[in-house]
Amino acid sequence: MRQGPPALAFFDVDETLITVKSMFRFLEFHFSARGLPPSAYEEAAAALRHKAAQGISRRQTNQEYYRLFSGRRVEELREHGRDWFERELAGGALLHPPAVAALRHHQRDGADIALVSGSFRPCVEPLAALLGVDTILCSEPESVAGFCTGHVERPVIGPEKGRLARELMRRRGVPAARATAYGDHASDLELLRAVGRPVAVGGDPVLGAHVTAVGGQTLPGVPGGAGVRGSGLIARGS
């Protein structure tokens with residue numbers, strides 16, 4: 001008989017559980033759904049990538065992303081998120097099978113699952129619903145009276161992922177030895193450091209070095225994913 005709380009498994013989202021960069025793909029869909037021309041998305045995406053290439057911090061670049069939704073209704077964004085996800089899913093290549101299989105394995109073993117993402121609920125909630133996951137640790141843009149202000153206090157990137165994972169483990173009384181984390185990019189390092197069972201998804205050299213040093217594991221990555229992305233956090237979103 002199992003003693004104590006269920007084990008915990010943390011999963012990064014973009015290019016870990018799904019094969020795309022949700023923040024960019026959602027932004028393109030959202031602009032189109034509002035009737036904006038393709039050039040509106042192209043200009044916004046180019047501006048974000050340019051800031052990242054200039055060395056502007058990942059935190060600031062994420063904040064710039066969420067300013068694009070200033071004044072939009074929260075429910076509109078959630079509706080667009082559901083529609084976006086259904087369209088992506090219908091394409092047949094959205095889910096990354098090795099990571100989804102690992103998640104299902106944890107569920108069968110009775111573990112609790114948490115999705116950890118720099119993206120926000122309109123992108124992450126449909127995935128969580130599909131996979132039967134109740135816990136989401138993601139960026140939470142501010143809203144007032146049902147409208148987005150465009151401000152996000154703490155984007156869930158880099159060290160924030162590790163902080164949230166450790167906080168959840170403390171609240172639930174789960175020791176690091178009974179926690180697993182999956183990530184695909186060096187920005188997920190603090191998440192993997194928070195647990196006793198880190199798993200690198202793909203060939204990112206930073207994560208690879210960590211799992212080798214501590215005896216973690218690896219899973220196949222998304223083609224063209226970790227290890228080949230450039231400087232932009234915002235280009236990966238998760």
Backbone N/O of Ala177 and side chain of Arg197: donor-acceptor pair under 3.5 Å: yes
NZ/NE/NH1/NH2 to OD/OE distance under 4.0 Å, Arg154 and Glu160: yes
Ionic contact status for Arg82 with Glu86, cut-off 4.0 Å: no
Test side chain to side chain contact (heavy atoms under 4.5 Å, CB included) applied to His80 and Phe31, step by step: CA-CA 10 Å; His80 287 179; Phe31 275 15; over 6 Å; no
Cation-aromatic face contact Arg49/Phe24, 6.0 Å, 45 degrees: yes
Carboxylate-amine/guanidinium contact Arg78 Glu75, below 4.0 Å: no
Hydrophobic cluster identity match, Tyr66 and Leu36, side-chain contacts under 4.5 Å: yes
Evaluation steps, side chain to side chain contact (heavy atoms under 4.5 Å, CB included), between Val13 and Phe11: CA-CA 6 Å; Val13 174; Phe11 283 81; over 6 Å; no
Residue among Leu77, Val74, Asp83 satisfying side-chain contact (heavy atoms from CB on, under 4.5 Å) with Pro122: Leu77
Side-chain donor-acceptor contact under 3.5 Å, Thr135 with Arg172: yes
Plane angle bin for Phe69 and Phe26 - parallel if under 30°, tilted between 30 and 60°, otherwise perpendicular: tilted
CD/Gln217: more than 12 non-hydrogen atoms of other groups inside 6.0 Å: no
Neighbour count above 12 (heavy atom, 6.0 Å) for His151 NE2: yes
Joint hydrophobic cluster, Val100 plus Val133, side-chain heavy atoms closer than 4.5 Å: yes
Residue pair Leu127, Ile18: steps toward the side chain to side chain contact (heavy atoms under 4.5 Å, CB included) verdict: CA-CA 9 Å; Leu127 176 65; Ile18 63 175; 4.0 Å; yes
Basic-acidic side-chain contact under 4.0 Å: Arg193, Glu190: yes
Centroid-centroid under 6.0 Å between His30 and Tyr41 rings: no
Parallel, tilted or perpendicular, as decided by the 30° and 60° cut-offs, for the rings of His106 and Tyr182: perpendicular
